[in-house]
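None of the values given here were measured: they were computed from a predicted structure. Here is the naming used below: chain letters follow the sequence lines, and residue numbers restart at 1 for every chain.
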Amino acid sequence: MHIRKLLEQRFQQAFQQAGAPADANPQLAPAGRPEFGDYQANGAMAVAKSLRQPPRALAQKVVDALDLSDIASKVEIAGPGFINITLHDTWLGKRLDGALSEAHLGVEPAAQPQTMVVDYSSPNLAKEMHVGHLRSTIIGDAVVRVLEFLGHRVIRQNHVGDWGTQFGMLIAYIEHVSSGGAAQLSLALEDLEGFYRNAKQKFDAEPAFADTARAYVVKLQAGDAHCLRLWQQFIDTSMSHCERVYERLGVTLRRGDVKAESAYNTDLPWVIADLGKQKLLRESEGAQCVFLDEFTGKDGAPLPVIVQKSDGGYLYATTDLAALRHRGSELRADRVLYFVDARQSLHLKQVFAVARLAGYVPSTCSLEHLAFGTMMGEDGKPFKTRAGGTVKLMELLDEAEQRAYVVVSGKNPELSEGELRAIARSVGVAAVKYADLAKNRINDYIFSWDQMLALDGNTAPYLLYACARINSIFRKGELSDTHFTGHIRLEHPAERKLGLALLRLGEVVEAVAADCNPNLLCSYLYDLAGLFMQFYEACPVLKAEDATRSSRLLLCRHTAAVLQRGLDLLGIETIAQM
RNA sequence: GCGCCCGUAGCUCAGUUGGAUAGAGCGUUGGCCUCCGGAGCCAAAGGUCGGACGUUCGAAUCGUCUCGGGCGCGCCA
């Protein structure tokens, strides 16, 4: 159990003995200032109010009832009724010894593991992956890793777009190119983006081709074998491209996590029929709609959720409903998380509302849209290439590696070319991912090479450097595992601060799991790296003697482990040197 | 017109869900090398938290209004 939870339990008991209701929240938090100790309980003021008692008097009763003698060296009341707790140095040392001996670094699995369905990445397979897919992919993957680390059952759902109207056009174009032979086709498919562009061009220029394309959409949806075969060929090529991107990004999505739009194809008529049976449908201008009172449009009239077009075709709302039913009723999710652009928030609200109304998800199932803002260039406008096109992820990563190479080789020219290349590969990807993860999801995000590759501040290079620096201590000391013995003793203030921070990993990871905000973990790791630098500055490690030396070595080792684990949870790999 | 999101140091961003004197990095200024990686550490300066009113012991955080910016709003996804 992490420290805050432990204190919470002790305080809850004490609050009850002091006359507070059973559900009173002691409001435990890390201390806001060093002079307030290590943790503070802020709940006395609120509870005193509901009990109509003077807050300081209640705080005193709580402290009287509280028994922290085994873990705290000081408990005092301050200000209007804050209760400040200072923990025993020796107790902290023992906690650290214990945490260090575990693979999970003292983080306990969730008491009640849940089933989490996580919808992220979900690119459209008609084109190459581009920057628009980056945030969902990176943030979603980090949250997935955190949830799994806490022992939850995570079901990834890569809801790729493989079934829109563009696919008729692409199939027709495949057929056109194949007339030049199989080799011609595989060559053409190597450049997916170019393939799409050429198909579109032909579509716009040649009415006959456009007619064929439109006819193929219908044939495809009717299950025509020829069209399906061509379609499958295209999908396979495009999926392989996505997998190369995932591989390079270090994203955990695999082929088995794909649950494409087309997978719900046969459910769509059922959804319409079922909504009809439940009297939720109303026809409007020829389309089948669900009207919800809580959503109104331009003239104040209820806004429809169109689930079937007047021509009988289905829309993405229909597919999303089918997906929600699958996730809620078949996968039995406790939480369904959508890492989707903020611009889709109305759409998702509507779909969630319809799904609940129709009973497609249990009422206990939490549906969450984890929205994120748009990626902007440094000019504050949507991030584009110089020519104004969308930035492909592969090209973005190429540039990241090149720029990382320049930075790393400039700072550490004695490394070999091979080492530099390998380091640049890691640093480049890490910089791109970390810059995204470190920011609050909901704001638009300004993409800046200089900032993400900076060696100072809350960046991947700074954290990777901190890891490398710790490693170099071990290298320099020529230490093997047998050297890491003894116990951690927190004597110097810098050691104490570092040790206390190391014990907070569990609190932070739980907060990330609750809010799906990986930036909390980034801030924590950055703070931790800063505390380590301060410790390292103030406390000689290799030059220290006996028990102090082994204690400090253990602190270094634990810091390295927490940094490495934390970065791993963010989907970022660490490197031995840089 | 209606709805959602955002306004925090010159710039880029935090702020643990209502807690004590609002924090980092960059940039600016000034310190620290008998140093285990100085890619570091310490310190200074920089703020009416867009504005107003309200809720209460207490507001960057909650409510109402207002100004500014972004996005969305019937058969694309």
Side-chain angles (χ1 to χ4, degrees), chain A residues 4 27 29-33 35-36 40 42-43 45-46 48-49 54-55 78-82 84 124 126 161 163-166 261 284-289 295-300 303-311 313-317 319-320 341-347 349 371 373-374 376 378 380 407-408 411-412 435 438-440 442-446 448 450-451 454-459 461-462 464-466 468-473 475-477 504 507-508 511 514-515 517 519-520 522-524 526-527 530 533-534 536-544 552 556 577-578:
Chain A
R4 204 188 64 197
Q27 296 187 37
R33 302 173 154 277
E35 59 266 35
F36 299 157
Q40 56 183 74
N42 302 330
M45 280 91 76
K49 186 181 161 65
F82 296 102
N84 296 332
N124 188 325
W163 204 245
T165 42
Q166 313 104 308
E261 281 182 351
S284 170
E285 298 172 38
Q288 294 297 325
C289 310
F295 301 102
T296 51
K298 292 176 183 175
D299 44 6
L303 207 59
V305 182
I306 302 179
V307 290
Q308 189 172 27
K309 297 193 281 184
S310 51
D311 68 1
Y314 305 105
L315 296 106
Y316 76 137
T319 313
D320 282 340
D341 192 300
R343 284 172 292 194
Q344 304 228 24
S345 105
L346 176 62
H347 163 72
K349 267 187 202 165
T374 311
M376 302 294 197
E378 290 187 79
V407 171
V408 175
K411 287 293 177 187
N412 208 346
K439 275 161 192 126
N440 193 318
I442 196 63
N443 293 308
D444 286 344
Y445 151 51
I446 295 183
S448 161
D450 289 343
Q451 242 165 277
L455 299 155
D456 303 297
N458 191 6
T459 65
Y462 176 84
L464 292 176
Y465 166 69
R469 198 172 180 189
I470 298 172
N471 264 313
S472 89
I473 296 170
R475 227 184 358 254
K476 176 116 181 176
R504 289 196 51 228
E507 297 172 29
V508 174
D515 296 349
N517 281 323
N519 73 317
L520 294 175
C522 296
S523 300
Y524 167 75
Y526 178 58
D527 286 345
M533 293 298 183
Q534 286 165 37
Y536 191 61
E537 196 83 13
C539 305
V541 177
L542 294 176
K543 289 178 181 170
R552 288 179 179 168
C556 290
Q577 56 176 351
M578 69 180 277

Out of B:G37, B:C57, B:U16, which has the shortest distance to the side chain of A:Lys49? B:C57
Output yes when a side-chain donor or acceptor of A:Thr459 lies under 3.5 Å from a complementary backbone atom of A:Leu455, and no otherwise. no
Once you apply a heavy-atom cut-off of 4.0 Å, does A:Cys556 come out as touching a base, just sugar-phosphate, or nothing? nothing
Which is true for A:Asp515 with a 4.0 Å heavy-atom rule: it touches a base, it touches only sugar-phosphate, or it touches nothing? base
Touch check for A:Ser523, heavy atoms < 4.0 angstrom, all strands: base, sugar-phosphate only, or nothing? sugar-phosphate
Without swapping roles, check the side chain of A:Arg552 against the backbone of A:Pro540 for a donor-acceptor pair under 3.5 Å. yes
Classify the nucleic acid contact of A:Pro30 as base, sugar-phosphate or nothing, counting any heavy atom under 4.0 Å across all strands shown. base
Phosphate contact (B:C36 OP1 or OP2) by A:Lys476 side-chain N/O below 4.0 Å: no
Going by side-chain hydrogen bond (donor to acceptor under 3.5 Å, both in side chains), name the residues that satisfy it together with A:Asp341, two or more places apart in sequence or in a different chain. A:Arg343
Just checking A:Met533: base, sugar-phosphate only, or nothing, at a heavy-atom cut-off of under 4.0 Å? sugar-phosphate
How does RNA chain B look in dot-bracket notation if pairs are Watson-Crick or G-U with both distances under 3.5 Å, crossing ones as [ ], other-strand ones as |? (((((((..((((.....[...)))).(((((.......))))).....(((((..]....))))))))))))....
For A:Asn42, check side-chain hydrogen bond (donor to acceptor under 3.5 Å, both in side chains) against everything at least two apart and list the hits. A:Gln40
What is the nucleic acid contact for A:Arg552, judged by heavy atoms within less than 4.0 Å: base, sugar-phosphate only, or nothing? nothing
Residue-phosphate contact under 4.0 Å: A:Lys439 side-chain N/O, B:U12 OP1/OP2: no
Can you check nucleotides 42-47 of chain B for protein contacts, nitrogen or oxygen pairs under 3.5 Å, and list what you find?
| unit_1 | atom_1 | unit_2 | atom_2 | d |
| --- | --- | --- | --- | --- |
| B:C42 | OP1 | A:Gln534 | NE2 | 3.3 |

Which parts of nucleotides 20-29 of chain B does protein reach within less than 4.0 Å, heavy atoms only, written one letter per nucleotide 5' to 3' as B for base, S for sugar-phosphate only and - for none? BB-SSSS---
Taking the side chain of A:Asn443 as its heavy atoms from C-beta onward, which of B:U12, B:A14, B:A39 lies nearest to it? B:A14
side-chain hydrogen bond (donor to acceptor under 3.5 Å, both in side chains) partners for A:Tyr316, two or more places apart: A:His347
For A:Ala438, enumerate each residue passing the side chain to side chain contact (heavy atoms under 4.5 Å, CB included) test, keeping only those at least two apart in sequence or located in another chain. A:Tyr434, A:Asn458, A:Cys522
In terms of side-chain heavy atoms of A:Glu537, which of B:C41, B:G15, B:G37 is nearest? B:C41
Phosphate oxygens OP1/OP2 of B:A14: is one of them under 4.0 Å from a side-chain N or O of A:Tyr524? no
All N/O contacts under 3.5 Å from nucleotides 59-65 of chain B to the protein, with atom names and distances to one decimal?
none

Touch check for A:Ala371, heavy atoms < 4.0 angstrom, all strands: base, sugar-phosphate only, or nothing? nothing
Between B:A24 and B:C33, how far apart are the P atoms? Round to whole Å, please. 24 Å
What residues form a ring pair (Phe, Tyr, Trp, His ring centres under 6.0 Å) with A:Tyr465, not counting sequence neighbours? none
For A:Tyr536, all residues meeting ring pair (Phe, Tyr, Trp, His ring centres under 6.0 Å), sequence neighbours excluded: A:Phe532
Looking only at atom C1', what distance separates B:U48 and B:C53, rounded to whole Å? 15 Å
What distance, rounded to whole Å, do you find between the two C1' atoms, one in B:G31 and one in B:G69? 42 Å
For A:Phe36, the ring pair (Phe, Tyr, Trp, His ring centres under 6.0 Å) test, sequence neighbours excluded, returns none
Could you run down nucleotides 70-77 of chain B 5' to 3' and tag each one B, S or - for protein heavy-atom contact under 4.0 Å? SSSBBBSB
